[in-house]
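No hydrogens, no waters, no symmetry mates; every other heavy atom, side chains included, goes into these values. Just so we're on the same page: letters track the sequence lines, and every chain starts at 1. Only a predicted model underlies this, so the values are computations on that prediction, with no experimental measurement involved.
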Protein chains: 2
Amino acid sequence: MSLALRDSPLVAGTTRDRIKEHARAIGYIYNRRAASLRTSRSGIVGVVVHDIMNPFFAEILRSIESELDRSRQTFILSNHYDQLEKQRTFIDTLLQLGADGVIMSPAIGTPASDILMAEENGLPAVLIARTVEGADVPVFRGDDAYGTGLATNHLISLGHKRIAMIGGTDQTSTGRDRYQGYVNAMEAAGLEVGPSWRIAGPRTKQAGFEAAGQFLALKDKPTAACCWNDLVAIGLMNGIARAGLVPGVDISVTGYDDLEEAAIATPALTTVWNGQREVGRRAASALLDKLNGQTVRPSQELIKPELHVRQSTGKPVERA
Amino acid sequence: MSLALRDSPLVAGTTRDRIKEHARAIGYIYNRRAASLRTSRSGIVGVVVHDIMNPFFAEILRSIESELDRSRQTFILSNHYDQLEKQRTFIDTLLQLGADGVIMSPAIGTPASDILMAEENGLPAVLIARTVEGADVPVFRGDDAYGTGLATNHLISLGHKRIAMIGGTDQTSTGRDRYQGYVNAMEAAGLEVGPSWRIAGPRTKQAGFEAAGQFLALKDKPTAACCWNDLVAIGLMNGIARAGLVPGVDISVTGYDDLEEAAIATPALTTVWNGQREVGRRAASALLDKLNGQTVRPSQELIKPELHVRQSTGKPVERA
DNA sequence: CTGAAAGCGCTTACAG
DNA sequence: CTGAAAGCGCTTACAG
């Protein structure tokens, strides 16, 4: 019977149809636990990211979803909120469920051994967005240093000389790379990076909004802000507007990610497209290849970002 | 051994510790598929909503997550994007995995028989946000008609007489209820509802943004917009600002949901708090009760919304 | 080609 | 209290 339901060529067409019809009639439900126990394939893929509600991950997840759907894999989502313990619990759950693989944006502080452990227990991993030093797995992410370089150079070319970097943390590879790209661009242009010009931390709209006060009170007031991501940029612009200044005129602001929202922000946000779709699609397809027994060599795949210029950046306005 | 690992009192303390230590040493992984096959409990709960990336659902999901976490249930998320087929596939997957229950915001057009089928196959269901006529299960949602009534009355009390309703669809109970609340409030105040004053459809920031043009071109131009949700309201405000008008001054706008974002929008959005946390927490806890064999009677639980007045609403400004 | 049997890793009722 | 055995529902190798 199981052969018939799976359309095996070993079973004749009419027999197959008769069995399928009968199965439907009695409301037969295929028991995947039993099948998986026998075959040790579950058809489950885990995805764990910092926060699935963050629109940056949301766009990645959509493309992972559509890629996995085509291979009829069920995917289980989880947030780790950058808590190593939550991430470990989730990986443990995946192992217990016999998941076939995991796509993860590793939590801050993830040791390579965590990933090694998963792989050794038959749970192949693919990383997105962040790297883990020493983990021997494929990684798909944007070229962050290059991306913030694009944004910073754009501001420099408009004539800005005092440019702050708002948000992000040194605890992730992404954070270090984005900051480095900004610093490199500044130095290449012979510009100084004021010691207080980095406001580290913010990664949400709310935090960007709150950072506006600190930003506007900076010594040698910068005329532009290169933000960690679109959320911070939009929050910052709201904060700037609240303070009576006009973002895009009085202060130039760049974002990062090019979320759908960036285009409809007021003013429309100049930002760096980060290839979310690409990252998701390629990570999922690499994992599927692995599951199908193909050898996928560990590699750092850097998607090249692109600058999208809109209305939130302009020439600097010097005030008295 | 399995008794020891589950801390059964049948096993002496020292023996238990020795076994646990050994299990850790050899890297033992508990096989939940096997256990579930035997016990027919899987520890999996499914959650399916229109779109998990929508911040309205995101806030509900967070509270479901924390509630289920405490009972050590794994939850599987899925979007149905209001496609009945996707929802059915997901429910099917849950049945095949032997999930213990499902929390769903039913897709448009979900027949009661779909829910009945799940329940009959041992998958108890709890609904959130939307009702399905004839489905005999608990439903947790906000009192939508009351909520839009609050918003509309607030606008009326400020002196507005021409108020449009932007967004939402008649295909969901939520959509019908919110529209009805608006109409009731208008009629109770003896105000006319202009036939073109309802712009149905928009439910996203993008769509709200795009609706601004249509709104601003309405005959007998309304002075205020009661929006379907915060996303539409924020999008609409952005569109209004793009057109050179000042939202909150030239046009009053109300939202619905009171997302975290509402407070930091520019201007800060007057909106209706919709009890997302409550909805999630209570739905999860009702499902857990069901799983534990308690009889949970099917009922409509309406969470009372509250108006939060901010800067996006003010007295009407009549222009020449 | 068909059918009966073994076995995946658990839990639980049962015999010792 | 302990240990061996049955059985959950599949898949697959094997005997007929």
Side-chain angles (χ1 to χ4, degrees), chain A residues 1-44 46 71-74 91-101 117-118 120-124 291-293, chain B residues 1-44 46 71-74 91-101 117-118 120-124 291-293:
Chain A
M1 162 149 159
S2 75
L3 291 171
L5 291 175
R6 278 176 295 140
D7 293 326
S8 162
L10 297 175
V11 180
T14 49
T15 316
R16 184 183 58 223
D17 292 347
R18 206 162 33 75
I19 292 180
K20 279 195 168 179
E21 177 47 37
H22 183 61
R24 202 173 309 121
I26 62 170
Y28 168 75
I29 291 169
Y30 177 73
N31 187 324
R32 270 166 62 164
R33 294 162 288 177
S36 146
L37 189 56
R38 181 61 232 251
T39 62
S40 65
R41 279 285 291 254
S42 62
I44 291 175
S71 303
R72 329 205 92 268
Q73 295 272 333
T74 301
I91 290 181
D92 222 53
T93 301
L94 291 178
L95 289 170
Q96 295 185 2
L97 291 171
D100 296 335
M117 187 278 278
E120 277 176 350
N121 286 291
L123 186 72
L291 299 189
N292 293 327
Chain B
M1 163 151 159
S2 75
L3 291 172
L5 292 175
R6 279 177 296 140
D7 295 327
S8 160
L10 297 175
V11 180
T14 49
T15 316
R16 182 182 60 223
D17 293 346
R18 207 160 34 76
I19 293 179
K20 280 195 167 179
E21 177 47 36
H22 184 62
R24 201 174 308 122
I26 62 171
Y28 167 76
I29 291 169
Y30 178 72
N31 188 323
R32 269 166 62 164
R33 295 163 287 178
S36 146
L37 190 55
R38 182 60 232 251
T39 62
S40 66
R41 278 285 291 254
S42 62
I44 292 174
S71 304
R72 328 205 94 267
Q73 294 272 333
T74 301
I91 289 181
D92 222 52
T93 300
L94 291 178
L95 288 169
Q96 295 185 3
L97 291 172
D100 296 335
M117 187 278 278
E120 276 176 350
N121 285 290
L123 187 72
L291 299 189
N292 292 326

*How does DNA chain D look in dot-bracket form if you count Watson-Crick and G-U pairs under 3.5 Å, write [ ] for pairs that cross, and put | where a base pairs with another strand?*
|||.||||||||.|||

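Contact of the L97(A) side chain with the L97(B) side chain is not registered, since no non-hydrogen atoms from C-beta on lie closer than 4.5 Å. Put simply, the side chain of Q96(A) does not reach to within 4.5 Å of the side chain of T74(B), judged on heavy atoms.
Closest heavy-atom contact between A99(B) and L123(B): O-CD1, 3.4 Å. Counting all heavy atoms, side chain and backbone alike, G122(B) lies closest to P124(B) at O-CD, 3.3 Å.
In this entry the distance linking CG of L97(A) with C1' of dG9(C) reads 14 Å, nearest Å. Summarising the geometry, the separation between CZ on R33(B) and P on dC10(D) is reported as 15 Å, rounded to the nearest angstrom. At whole-Å resolution of the value, CZ in R41(A) and C1' in dT12(D) are 16 Å apart.
For the atom pair CD1 of I29(A) and CG of L95(B), the computed distance is 4.5 Å after rounding to the nearest 0.5 Å. Rounded to the nearest 0.5 Å, atoms CG (L94(B)) and CG (N121(B)) are 12.0 Å apart.
Contacts of T93(A) classified as side chain to side chain donor-acceptor pair (under 3.5 Å), with partners at least two apart in sequence or in another chain: none.
Listed for the S71(A) side chain is no donor-acceptor partner under 3.5 Å among the backbone atoms of Q73(A).
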Provide a list of protein-nucleic acid N or O atom pairs under 3.5 angstrom, restricted to nucleotides 5-8 of chain C.
none

